[in-house]
Amino acid sequence: MKHHLFVLLFCYGVSAKAQGTGEVYAAPGMAVHLQSPKPPVPVKEKEPPLPAVLPRFWHNADSMARKKANIQLLRTIQSQAKYPFIAEKDGVEGIIFVRVIIAPDGKPIKMDVIRRSTTANNQNGVVEALDTESIRVISAIKFEPKIGTIDTITIPINYSIGR
């Protein structure tokens, strides 16, 4: 009985192949080690390109379209904002709320910081640097024109070091 078992193991060892990996053989009497395939790399869903002119989404009655356009606005701000060096160096984070008046041609004509929520107390001009960057970013945004309509909106700009 032992003799037959030995013969079976010997024969199995010589003819064994690692499945799915090609022509890999184990030496007689050695165990076959199968390699598991690498896990699939998750495919990142590509975000749509940012529009050059953003919609005036706050007039939209469709809540899904309004939400989608709001996300576009926040992505646009995030892509254009540069974290002020002084704020990053001091580890300052926070949100700057900017009230924006938008002209009928879609350009921001007046911007005022109306509220701040930061981890700094304006030492070394850190809060001023965040305010200045917020105004710069918003002044570069263009909304779709709407004849005869002047809009006022408040835009929050989030500054966090881990972004």
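Nothing fancy with the numbering, it's 1 onward along the sequence.
Inspection of the S134 and Y159 side chains reveals an N or O donor paired with an N or O acceptor under 3.5 Å.
Note that OG of S139 and CD1 of I109 are 13.0 Å apart. Values are rounded to the nearest 0.5 Å.
A pairwise comparison of heavy atoms in P84 and A129 identifies CG-O, 3.7 Å as the closest pair. The shortest heavy-atom contact between Q80 and A140 is OE1-CB, 3.8 Å. Residues A69 and F57 approach most closely at CB-CB, 3.2 Å, considering heavy atoms. Closest approach of T119 and G91 over heavy atoms only: OG1-O, 3.9 Å.
Other members of the cluster containing I147 do not exist, because no ILVMFWY side chain is joined to it at under 4.5 Å. By the 4.5 Å side-chain criterion applied to Ile, Leu, Val, Met, Phe, Trp and Tyr, M64 is assigned to no cluster and stands alone. Within the hydrophobic cluster formed by Ile, Leu, Val, Met, Phe, Trp and Tyr side chains joined at under 4.5 Å, directly or through other members, F85 stands alone, with no partner residue. Listed by chain and number, the hydrophobic cluster partners of I95 are F97, I114, where partners are ILVMFWY side chains within reach of under 4.5 Å, directly or through others.
Residues passing the salt bridge (Lys or Arg N to Asp or Glu O under 4.0 Å) test with R136 are E133, sequence neighbours excluded. Residues meeting the side-chain contact (heavy atoms from CB on, under 4.5 Å) test with I153, sequence neighbours left out: W58, V100, I102, F143, I155. The side-chain contact (heavy atoms from CB on, under 4.5 Å) search around E144 returns V53, P55, R56, not counting sequence neighbours.
Within the structure, every pair that satisfies the salt bridge (charged side-chain N to carboxylate O under 4.0 Å, His left out) test and touches residues 91-117, not counting sequence neighbours, is listed here: K110-D112, R116-D131.
Taking the side chain as every heavy atom from C-beta outward, L73 and I141 approach each other to under 4.5 Å.
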Practice task
Go through the steps to decide whether I96 and T118 satisfy the test side-chain contact (heavy atoms from CB on, under 4.5 Å), and finish with yes or no.
Solution key: CA-CA 8 Å; I96 306 296; T118 67; 4.0 Å; yes
